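To start, the structure under review is shown below, and the notes come after it.
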Amino acid sequence: MVKEKAYAKINLFLNVVAKRFDGFHDLEMVMASLELHDVLEFRKNTTDEIVVISDLEITKDVKDNLVYQIAMFLKDEFEVKEGVIININKNIPIAAGLAGGSADAAATFRGLNKFWKLNLTHDDMAKLGLEFGSDIPFCIYNKLCIAKGRGEELVFLKTKLKIPVLLVNPNILISTKEVFKQVKSDNIIEKKMSDMTNAIFNKNFELISRELHNSLEEITFKLNPEIRKLKNHLIDTGLKGVLMSGSGSTVFAIENKKNKLQYSLGTLRDDYYKIITKIR
Ligand code: C5P
């Protein structure tokens, strides 16, 4: 049996730079991997079939799940004769801006690479992964980095932040595609990314909190005012470094003093998903 952890991510910084001819957008991001993770297990199947089992329904039809699609792709591409049973233990909220789906997809590459002895490098898997989603290359490595292009041009920052993070998800499912559709040159605020990367290099927590930025926030907030309210509520409870992750709907807060996060968590609605985790 092979076991792989699929780590959630947050974007400490996200600029939308330009719309591209292929329908995607060029981005400038700082991406951080979290301790929060799903667990994928890969076991021998007695037949040559691919079976995907999850403790939570991810897609109505399992064939729409990236985990299934990537397993099929690898089996075909590398002419694997055996089947596999993949068990997904889901902890990361779905369609929440935490790359839960991409993390599972990347863990499928890493897991089947070991299980079927495919001898792929991380770079090989990142390249293949991009065909299935923009966040998958990052999720292959799970290291603090700058990401450009669609999100696949990665420059690792070679430092670890290990800052406690509160994640709050108001149970709103966000379609990344729908959010990007609303991007216009007049509704995008850009910020200088070097101020954030300098703050990270200097491990200046105050400055990191101040330089948090996400160009997609305003768009998602307009579509879902409840998410803006949630961000404002967290700020009202005394937290300073508060930002929406990716295209939403998760709002996160970074804070060195964990008890401050615990206090804010206690003020939140019971039906919201909330957890304190850490940047890895
Ligand atoms: O790559 P992924 O499947 O995660 O992207 C979902 C959608 O988000 C894309 O179909 C595209 O509309 C949008 N997107 C984008 N630019 C990116 C990443 C995603 O426009 N860099």
Side-chain angles (χ1 to χ4, degrees), residues 6-34 38 58-73 88 90 92-110 125-142 145-155 169 172-191 193 196 213-224 227 243-250:
Y7 295 100
K9 65 89 186 149
I10 50 172
N11 303 89
L12 298 176
F13 191 95
L14 192 161
N15 263 343
V16 177
V17 177
K19 190 171 164 65
R20 304 168 18 152
F21 289 111
D22 60 4
F24 286 90
H25 292 78
D26 274 325
L27 307 175
E28 234 181 18
M29 303 185 278
V30 175
M31 301 176 84
S33 186
L34 301 179
D38 295 341
I58 301 168
T59 51
K60 284 255 170 311
D61 185 349
V62 74
K63 295 199 167 73
D64 293 330
N65 189 329
L66 278 182
V67 169
Y68 178 83
Q69 290 174 7
I70 289 165
M72 282 296 281
F73 164 78
I88 311 172
K90 207 74 203 135
I92 309 170
I94 294 167
L98 299 172
S102 302
D104 294 350
T108 304
F109 273 107
R110 292 194 309 269
M125 292 188 276
K127 213 177 222 169
L128 294 172
L130 181 63
E131 301 299 317
F132 293 88
S134 308
D135 282 339
I136 297 176
F138 168 80
C139 292
I140 294 284
Y141 305 93
N142 298 300
C145 70
I146 293 172
K148 291 189 179 174
R150 273 174 62 192
E152 81 282 22
E153 295 167 24
L154 307 177
V155 178
N169 187 276
I172 298 172
L173 299 179
I174 297 287
S175 156
T176 304
K177 206 184 182 93
E178 290 309 312
V179 171
F180 273 107
K181 255 193 208 164
Q182 305 290 325
V183 169
K184 314 252 161 26
S185 54
D186 62 353
N187 66 0
I188 285 297
I189 304 161
E190 275 194 58
K191 220 174 157 175
M193 189 166 65
M196 171 56 96
H213 169 70
N214 185 348
S215 287
L216 298 175
E217 248 189 356
E218 269 309 309
I219 296 172
T220 303
F221 286 176
K222 279 216 176 84
L223 296 170
N224 305 274
I227 307 174
L243 190 75
M244 185 185 81
S245 186
S247 52
S249 57
T250 299

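Both ligands and their constituent atoms are indexed starting at 1 by order of listing. If you're wondering where the values come from, they're calculated on a predicted model, not measured in any experiment.
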### Query
Measuring from the heavy atoms of Gly23, does anything fall under 4.0 Å of ligand 1?
yes

### Message
Contact between ligand 1 and Thr176 is defined here as a heavy atom of the residue under 4.0 Å from a ligand atom; is it met?
### Response
yes

Side-chain donor-acceptor contacts of residues 128-140 below 3.5 Å, not counting sequence neighbours, with atom names and distances?
from, atom 1, to, atom 2, distance (Å)
Ser134, OG, Arg150, NE, 3.2
Ser134, OG, Arg150, NH2, 3.2

### Query
Between Asp186 and Lys184, is a salt bridge (Lys or Arg N to Asp or Glu O under 4.0 Å) present by the stated rule, with each step listed?
CA-CA 5 Å; Asp186 62 353; Lys184 314 252 161 26; over 6 Å; no

Considering the heavy atoms of [X], write down every atom of ligand 1 situated less than 4.0 Å from one of them.
X: Phe24; value: 1 (O), 9 (C), 14 (N), 15 (C), 16 (N), 17 (C), 18 (C), 19 (C), 20 (O)
X: Gly133; value: 1 (O)
X: Leu27; value: 21 (N)

### Query
Any Lys/Arg nitrogen of Lys63 or Asp61 sitting under 4.0 Å from an Asp/Glu carboxylate oxygen of the other?
no

At their closest point, which heavy atom of [X] faces which heavy atom of [Y], and how far apart are they?
X: Gly101; Y: Leu66; answer: O-CD1, 4.5 Å
X: Ser249; Y: Ile172; answer: OG-O, 2.6 Å
X: Ile146; Y: Met193; answer: CG2-CE, 3.5 Å

Who's the nearest protein heavy-atom neighbour of [atom], and how far?
atom: atom 10 (O) of ligand 1; answer: Lys177 NZ, 3.5 Å
atom: atom 16 (N) of ligand 1; answer: His25 N, 2.8 Å
atom: atom 14 (N) of ligand 1; answer: Phe180 CD1, 3.5 Å

### Query
Roughly how far apart are Asn65 CG and Thr108 OG1, rounded to 0.5 Å?
7.5 Å

### Task
Consider every N or O of Ser134 and every N or O of ligand 1, then say whether any pair is closer than 3.5 Å.
yes

